[in-house]
Amino acid sequence: MSKQVNLNSVVQLRNECDEHLSPVFTKLGYKETFTLTDLKLTVGYLSVLAAGLLFQLDKKYKNDFNNKEYVFYTTIVVAIGAGFHLAFLFVNTFVSKNVKFQGIKGKKKLNVSTVTKSKTDPSYLVTVELNGKKVDEVVPFNTVFNSNGYLEYAELETKLQSIVKKLEKKA
Amino acid sequence: MNVRQIRSQLSQGLTMAMVLSSAYIFWKLLSIVTNSGSPLVVVLSGSMEPAFQRGDILFLWNRDQYVDTGDIVVYNIQDRSIPIVHRVVREHIVYEVERPTKEERKKGTKKGKTVKKQLLLTKGDNNEVNDLSLYAYGQKYLDRDRDIVGSVKGYLPKIGYVTILVTENQYFKYAMLGWLVLSVLLTNE
């Protein structure tokens with residue numbers, strides 16, 4: 001069920017479309033996988049855990065930098081925490097940037113990334129990647145939203161499924 | 001709530017937690033590099049005017065073995081939570097016999113060892129007298145190793161005034177909080 005969104009907000013339009021990607025591709029038989037999301041969550045929360053541990057050390061040793069034991073433990077935890085943080089940034093920036101759906105159907109692997117060019121350009125840029133073959137498609141928001149601000153789900157579904165079907169034929 | 005929604009909620013929580021944790025890890029990293037428990041401090045009083053004004057942010061470094069006379073240092077006093085920024089006006093190098101702790105004495109594992117110590121006397125540039133009255137009861141000098149948080153190596157004028165406003169002006173504090181809450185509520189990303 002779609003909700004009413006502000007048609008003047010490109011961010012809201014994009015978010016509403018992103019939320020409906022999963023049923024579109026699931027209908028085509030692609031089972032959604034959360035490997036990247038889980039990786040991001042694990043690395044991210046490990047980094048937060050390291051910060052929590054640093055806070056505990058700070059409380060236990062009263063932030064006394066004359067205490068060699070405190071400095072030793074703090075250095076180790078900072079190195080671990082910074083490592084996790086950098087790994088999180090790497091995954092976020094290079095691996096899963098704008099990826100909104102990942103699914104598998106047999107040996108087929110589907111990756112869908114979406115983005116909007118700017119806050120003033122109401123175009124939904126969709127990149128669909130199927131087993132390494134990529135297609136970029138521009139979907140203007142006025143073709144998938146009605147004038148009342150509700151998503152025309154059937155329209156979005158037709159447009160996105162046609163891209164995947166084209167790719168499946170090529171593959 | 002399905003698995004997708006749980007992950008979405010966790011991701012949203014992570015975004016906020018990452019902002020706080022990364023700032024904290026960076027702060028601790030800075031502490032390790034400078035060997036100081038507080039590598040940045042805000043000047044809270046006018047006792048070092050005209051060198052530093054209220055609200056200036058100071059960058060500290062605590063890796064030099066000794067502090068020179070004339071250096072501006074930040075130090076802590078026992079049982080006082082606020083660090084003080086003043087200039088070193090006198091220094092002494094003394095040799096002291098380090099007393100072993102009770103346990104060490106019982107075990108006989110450690111005997112008194114002679115250590116070289118630097119003792120410092122400080123004064124605010126804008127103050128008439130030195131800091132003896134500020135030190136803890138019975139304390140005549142600062143111990144370079146125990147009391148000094150770091151010596152000042154650089155500063156940014158006035159930027160830390162926000163901290164003073166938040167701590168001293170409750171209206172400003174509530175305005176800041178309100179602005180933060182509003183910005184979170186009105187952000188669509």
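In what follows, chains carry the letters A, B, and so on, assigned in the order in which the sequence lines appear, proteins first and then strands, with residues in each chain numbered from 1.
Inspection of the T114(A) and D18(A) side chains reveals an N or O donor paired with an N or O acceptor under 3.5 Å. With hydrogens and angles left out, the side-chain atoms of E91(B) and Q118(B) include a donor and acceptor closer than 3.5 Å. A side-chain N or O of Y141(B) and one of H92(B) form a donor-acceptor pair less than 3.5 Å apart. Using modelled atom types and a 3.5 Å distance limit, the side chains of R7(B) and T37(A) yield no donor-acceptor pair.
Both the backbone and the side chain of F55(A) come within less than 4.5 Å of a heavy atom in chain B. For chain A, no part of T15(B) is nearby; none of its heavy atoms comes within less than 4.5 Å. Of the atoms belonging to T75(A), heavy atoms from both backbone and side chain fall under 4.5 Å from chain B.
Taking the six-membered ring where the residue is Trp, Y155(B) and F52(B) present perpendicular rings, their angle passing 60° and hence far from 30°.
Comparing D38(A), D64(A), L49(A) by heavy-atom pairs within less than 4.5 Å of chain B, the highest count is held by D38(A). Of the listed residues (G44(A), A82(A), G52(A)), the greatest number of heavy-atom pairs within a distance under 4.5 Å of chain B belongs to G44(A). In terms of non-hydrogen atom pairs under 4.5 Å with chain A, the most contact-rich of A17(B), G13(B), S21(B), S8(B) is S21(B).
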